[in-house]
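Each chain gets a letter, A, B and so on, in the order the sequences are listed, and its residues count up from 1. Hydrogens, waters and symmetry mates play no part in the numbers below; they use all other heavy atoms, side chains included.
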Amino acid sequence: MKSYYYAVYEVTRRIPHGKVTSYGAIAKYLGLKSGARMVGYALTTLNQSPFHGIPAHRVVNRNGLLTGKVHFGSPTRMADLLRSEGITIENDQVLNFQEVFWDPSEHLPPFIPTEY
DNA sequence: ATACTGACTAGAA
DNA sequence: CTTCTAGCCAGTA
(Lines give C-alpha, C1' and ligand atoms only; values in the text may rest on other atoms or scores of the structure.)
Protein backbone atom coordinates (compact mmCIF):
# COMPACT_ATOMS: atom_id res chain seq x y z
CA MET A 1 0.00 0.00 0.00
CA LYS A 2 1.29 3.42 -0.93
CA SER A 3 2.24 5.84 1.82
CA TYR A 4 -0.03 8.66 0.79
CA TYR A 5 -2.97 6.43 1.54
CA TYR A 6 -2.24 7.01 5.19
CA ALA A 7 -2.18 10.73 4.58
CA VAL A 8 -5.60 10.49 2.98
CA TYR A 9 -6.88 8.56 6.00
CA GLU A 10 -5.44 11.12 8.39
CA VAL A 11 -7.14 14.00 6.62
CA THR A 12 -10.43 12.14 6.38
CA ARG A 13 -10.31 11.35 10.06
CA ARG A 14 -10.04 15.05 10.84
CA ILE A 15 -13.13 16.15 8.99
CA PRO A 16 -15.30 17.73 11.70
CA HIS A 17 -18.65 16.24 12.66
CA GLY A 18 -21.37 17.71 10.52
CA LYS A 19 -18.96 18.78 7.76
CA VAL A 20 -17.97 17.32 4.41
CA THR A 21 -15.12 17.77 1.96
CA SER A 22 -14.32 16.65 -1.56
CA TYR A 23 -11.84 14.25 -3.12
CA GLY A 24 -10.24 17.09 -4.99
CA ALA A 25 -9.84 19.20 -1.85
CA ILE A 26 -7.99 16.37 -0.13
CA ALA A 27 -5.83 15.77 -3.20
CA LYS A 28 -5.01 19.44 -3.37
CA TYR A 29 -4.12 19.61 0.30
CA LEU A 30 -1.79 16.64 -0.07
CA GLY A 31 -0.25 18.08 -3.21
CA LEU A 32 -1.39 15.21 -5.41
CA LYS A 33 -1.68 16.61 -8.90
CA SER A 34 -5.09 15.67 -10.29
CA GLY A 35 -5.02 12.97 -7.70
CA ALA A 36 -8.67 13.15 -6.76
CA ARG A 37 -9.13 9.74 -8.28
CA MET A 38 -6.39 8.34 -6.11
CA VAL A 39 -8.12 9.72 -3.04
CA GLY A 40 -11.25 7.85 -4.00
CA TYR A 41 -9.22 4.75 -4.60
CA ALA A 42 -7.59 5.05 -1.20
CA LEU A 43 -10.99 5.21 0.41
CA THR A 44 -12.11 2.15 -1.53
CA THR A 45 -9.45 0.07 0.20
CA LEU A 46 -10.74 1.41 3.48
CA ASN A 47 -13.25 -1.42 3.71
CA GLN A 48 -10.52 -4.01 3.96
CA SER A 49 -8.00 -1.93 5.88
CA PRO A 50 -7.53 -1.69 9.65
CA PHE A 51 -8.96 1.82 9.56
CA HIS A 52 -12.61 1.37 10.31
CA GLY A 53 -13.42 4.37 12.46
CA ILE A 54 -12.77 6.76 9.62
CA PRO A 55 -15.76 8.92 8.62
CA ALA A 56 -15.44 8.25 4.91
CA HIS A 57 -19.06 9.26 4.43
CA ARG A 58 -17.98 12.86 4.89
CA VAL A 59 -16.13 12.76 1.59
CA VAL A 60 -18.21 13.57 -1.49
CA ASN A 61 -17.40 14.77 -4.96
CA ARG A 62 -16.98 18.40 -5.95
CA ASN A 63 -20.69 18.87 -6.57
CA GLY A 64 -21.73 17.49 -3.21
CA LEU A 65 -22.94 14.30 -4.83
CA LEU A 66 -22.67 11.08 -2.80
CA THR A 67 -20.71 9.19 -5.43
CA GLY A 68 -19.34 6.72 -2.94
CA LYS A 69 -22.62 5.58 -1.51
CA VAL A 70 -22.44 2.20 -3.26
CA HIS A 71 -19.65 1.26 -0.88
CA PHE A 72 -21.73 1.63 2.23
CA GLY A 73 -23.68 -1.58 1.96
CA SER A 74 -27.17 -0.17 1.82
CA PRO A 75 -28.19 2.45 -0.77
CA THR A 76 -29.21 4.87 1.96
CA ARG A 77 -26.50 4.22 4.54
CA MET A 78 -24.22 7.07 3.51
CA ALA A 79 -27.06 9.56 3.30
CA ASP A 80 -28.38 8.42 6.68
CA LEU A 81 -25.00 8.87 8.31
CA LEU A 82 -24.77 12.39 6.97
CA ARG A 83 -28.33 13.24 7.97
CA SER A 84 -27.59 12.01 11.48
CA GLU A 85 -24.92 14.71 11.61
CA GLY A 86 -27.32 17.42 10.61
CA ILE A 87 -26.52 17.53 6.91
CA THR A 88 -29.43 17.82 4.51
CA ILE A 89 -29.40 15.25 1.73
CA GLU A 90 -31.78 15.05 -1.19
CA ASN A 91 -31.41 12.89 -4.26
CA ASP A 92 -28.03 11.68 -3.00
CA GLN A 93 -26.80 15.23 -2.94
CA VAL A 94 -25.78 17.65 -0.19
CA LEU A 95 -28.12 20.61 -0.49
CA ASN A 96 -26.30 23.14 1.67
CA PHE A 97 -22.96 22.02 0.29
CA GLN A 98 -21.39 25.48 0.49
CA GLU A 99 -22.25 25.81 4.16
CA VAL A 100 -21.01 22.42 5.32
CA PHE A 101 -17.97 22.22 3.05
CA TRP A 102 -14.72 21.89 4.98
CA ASP A 103 -11.45 22.61 3.15
CA PRO A 104 -8.42 20.79 4.64
CA SER A 105 -5.98 23.34 3.25
CA GLU A 106 -7.77 26.06 5.22
CA HIS A 107 -8.20 24.25 8.51
CA LEU A 108 -5.17 22.02 8.82
CA PRO A 109 -1.47 22.87 9.09
CA PRO A 110 0.45 22.59 5.81
CA PHE A 111 0.99 18.99 4.83
CA ILE A 112 4.60 17.81 5.00
CA PRO A 113 5.17 14.94 2.55
CA THR A 114 8.34 13.76 4.31
CA GLU A 115 6.42 12.69 7.38
CA TYR A 116 5.10 9.72 5.43
C1' DA B 1 4.43 -7.85 -18.86
C1' DT B 2 -0.20 -5.92 -20.90
C1' DA B 3 -5.12 -4.55 -20.33
C1' DC B 4 -8.68 -2.89 -17.89
C1' DT B 5 -11.08 -0.73 -14.10
C1' DG B 6 -12.34 2.81 -10.92
C1' DA B 7 -15.45 6.82 -4.12
C1' DC B 8 -12.45 12.23 -9.56
C1' DT B 9 -11.81 16.60 -11.95
C1' DA B 10 -10.66 20.41 -15.07
C1' DG B 11 -10.91 21.74 -19.48
C1' DA B 12 -12.23 21.17 -24.36
C1' DA B 13 -15.75 20.42 -27.82
C1' DC C 1 -26.18 23.78 -21.38
C1' DT C 2 -24.35 18.60 -22.29
C1' DT C 3 -21.06 15.09 -23.24
C1' DC C 4 -16.13 13.70 -24.08
C1' DT C 5 -11.08 13.37 -22.98
C1' DA C 6 -6.89 13.12 -20.72
C1' DG C 7 -4.32 12.56 -16.56
C1' DC C 8 -3.98 10.21 -12.40
C1' DC C 9 -1.83 5.08 -10.39
C1' DA C 10 -2.80 0.80 -7.52
C1' DG C 11 -5.14 -3.70 -7.96
C1' DT C 12 -6.64 -7.53 -10.41
C1' DA C 13 -6.84 -10.88 -14.21
Exercise for the section: Under the side-chain hydrogen bond (donor to acceptor under 3.5 Å, both in side chains) rule, collect the residues that match up with A/S84, sequence neighbours excluded. Expected result: none
Mind calculating the distance between [atom1] ([X]) and [atom2] ([N]) to the nearest angstrom?
| X | N | atom1 | atom2 | answer |
| --- | --- | --- | --- | --- |
| A/Y5 | C/dA10 | OH | P | 7 Å |
| A/M78 | B/dA7 | CE | P | 12 Å |
| A/M38 | C/dA10 | CE | C1' | 7 Å |
| A/Y6 | C/dA10 | OH | P | 14 Å |
| A/I54 | B/dA7 | CD1 | P | 18 Å |
| A/L30 | C/dC9 | CG | C1' | 15 Å |
| A/L43 | C/dG11 | CG | P | 14 Å |

Practice task
State, yes or no, whether a side-chain contact exists between A/L66 and A/L82 at a heavy-atom distance under 4.5 Å.
Solution key: yes
Practice task
For the residue pair A/Y9 and A/T45, establish whether any side-chain heavy-atom pair is separated by less than 4.5 Å.
Solution key: yes
Practice task
Classify the nucleic acid contact of A/A56 as base, sugar-phosphate or nothing, counting any heavy atom under 4.0 Å across all strands shown.
Solution key: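 Answer is base: heavy atoms of A/A56 come under 4.0 Å of a base.
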Problem - A/V94 vs A/T88, side chain to side chain contact (heavy atoms under 4.5 Å, CB included): CA-CA, chis, key distance, verdict - result: CA-CA 6 Å; A/V94 179; A/T88 305; over 6 Å; no
Practice task
Using the P atoms only, state how far B/dC4 lies from C/dT5, rounded to an integer number of Å.
Solution key: 16 Å
Handout entry: Lys/Arg N to Asp/Glu carboxylate O, A/R83 vs A/D80, below 4.0 Å
Key =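 So A/R83 pairs with A/D80 through a salt bridge.
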Polar-atom pairs under 3.5 Å, protein N or O versus N or O of nucleotides 9-11 of chain B: list them with distances, or write none.
residue	atom	partner	partner atom	Å
B/dT9	OP1	A/G24	N	3.3
B/dT9	OP1	A/R62	N	3.2
B/dT9	OP2	A/R62	N	3.1
B/dA10	OP2	A/R62	NH1	3.4

Practice task
Evaluate whether atom CG of A/N63 has more than 12 neighbouring non-hydrogen atoms of other residues, nucleotides or ligands under 6.0 angstrom away.
Solution key: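 For A/N63, atom CG is crowded (more than 12 foreign heavy atoms under 6.0 Å).
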